[in-house]
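Below is one structure, written out as C-alpha cells, with a few remarks after it.
Being a predicted model, the structure only gives us computed values, none of them experimental.
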Amino acid sequence: MRVLCLIPLFFLVACYESTRRCNDYKTGEFYSEVIINDRVFKSKFTRSEALQIETYNNKTDSSKLRWINDCEVVFKTINPKSMAEEKDIHLKILTTTDSSYTFEYSYVGETKKQKGIAYKME
C-alpha cells in the first residue's frame, strides 16, 4: 500500500522542470566562478546583446556575441593574441535563479565541457 502512495509523488517529482529565465542574463554586469582541476577561476564581465568585455587576472578581453537561442551563445574574441584565443567558445545556460545562472562551455566543435556559475552584480 505504501508503494501505491509513493507513485503519484514520484510522477510529480519526475515531471518537475525548472524554469530557465535566460533573457534575464543576456545583458548586465556579472562575475563568474569556474572550477578546473580543483582550482577556482574568477572573472568579471559586462555583457550587452552583441558584446562582452571580461576581466580575468588583470587582463581584459572583448568578444562578439552570436546568440543561437535565448540560452546559448557563441563568443568570438575580437583581437585574439594566440591560437587558443582564435577558437570560438560555445556557452549554454543550464539553470537560472533570481541572481545567478549555471552554465557549461567548450570550444566550438569540442566535446569536453567545463561548468561554472555566473552571478549578476546589481
A side-chain contact here means heavy atoms from C-beta on lying under 4.5 Å apart; do [X] and [Y] qualify?
| X | Y | value |
| --- | --- | --- |
| K76 | S63 | no |
| E33 | Y119 | yes |
| I89 | Y107 | yes |

Indicate the atoms forming the closest heavy-atom contact of [X] with [Y], along with that distance.
| X | Y | result |
| --- | --- | --- |
| K120 | G28 | CE-CA, 4.4 Å |
| Q52 | L65 | CB-CD2, 4.0 Å |
| F103 | A118 | CE2-N, 3.8 Å |
| C22 | T96 | N-CG2, 4.3 Å |

Would you call [X] and [Y] a salt bridge, taking side-chain N to carboxylate O under 4.0 Å as the test?
| X | Y | result |
| --- | --- | --- |
| D70 | R21 | no |
| K59 | E85 | yes |
| E110 | K87 | yes |

Y25 and F30 aromatic ring geometry - parallel, tilted or perpendicular at 30°/60° bounds: tilted
Establish, from distance only, whether the side-chain atoms of T46 and E29 form a donor-acceptor pair under 3.5 Å.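 No, because no side-chain N or O of T46 sits under 3.5 Å from a partner of the opposite role on E29.
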Under a 3.5 Å threshold, yes or no: a donor from one side chain and an acceptor from the other, between T27 and S48?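 The answer is no; no qualifying pair exists.
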Distance (rounded to the nearest 0.5 Å) between [X] [atom1] and [Y] [atom2]:
| X | Y | atom1 | atom2 | answer |
| --- | --- | --- | --- | --- |
| F75 | D61 | CZ | CG | 12.0 Å |
| D38 | I36 | CG | CD1 | 11.0 Å |
| C71 | R20 | SG | CZ | 4.0 Å |
| Y105 | I93 | OH | CD1 | 15.0 Å |

side-chain contact (heavy atoms from CB on, under 4.5 Å) evaluation trace for I68 with V73: CA-CA 5 Å; I68 298 169; V73 63; over 6 Å; no
Verdict with supporting geometry, M121 and Y31, side-chain contact (heavy atoms from CB on, under 4.5 Å): CA-CA 7 Å; M121 297 170 44; Y31 76 90; 3.7 Å; yes
Are I35 and F41 connected in a single hydrophobic cluster, I mean Ile/Leu/Val/Met/Phe/Trp/Tyr linked by side-chain heavy atoms less than 4.5 Å apart?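 Different clusters.
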Let me see the working for E104 and L94 under side-chain contact (heavy atoms from CB on, under 4.5 Å), right down to the final yes or no. CA-CA 7 Å; E104 68 179 15; L94 301 174; 4.0 Å; yes
Answer yes or no: is there a donor N or O on one side and an acceptor on the other, between the side chain of T97 and the main chain of S100, under 3.5 Å?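 Pair found, side chain donor or acceptor close to backbone of S100.
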Do K113 side-chain atoms and L91 backbone N/O form a donor-acceptor pair below 3.5 Å? no
T77 and D88: side-chain contact (heavy atoms from CB on, under 4.5 Å), yes or no, with the steps? CA-CA 7 Å; T77 303; D88 294 350; over 6 Å; no
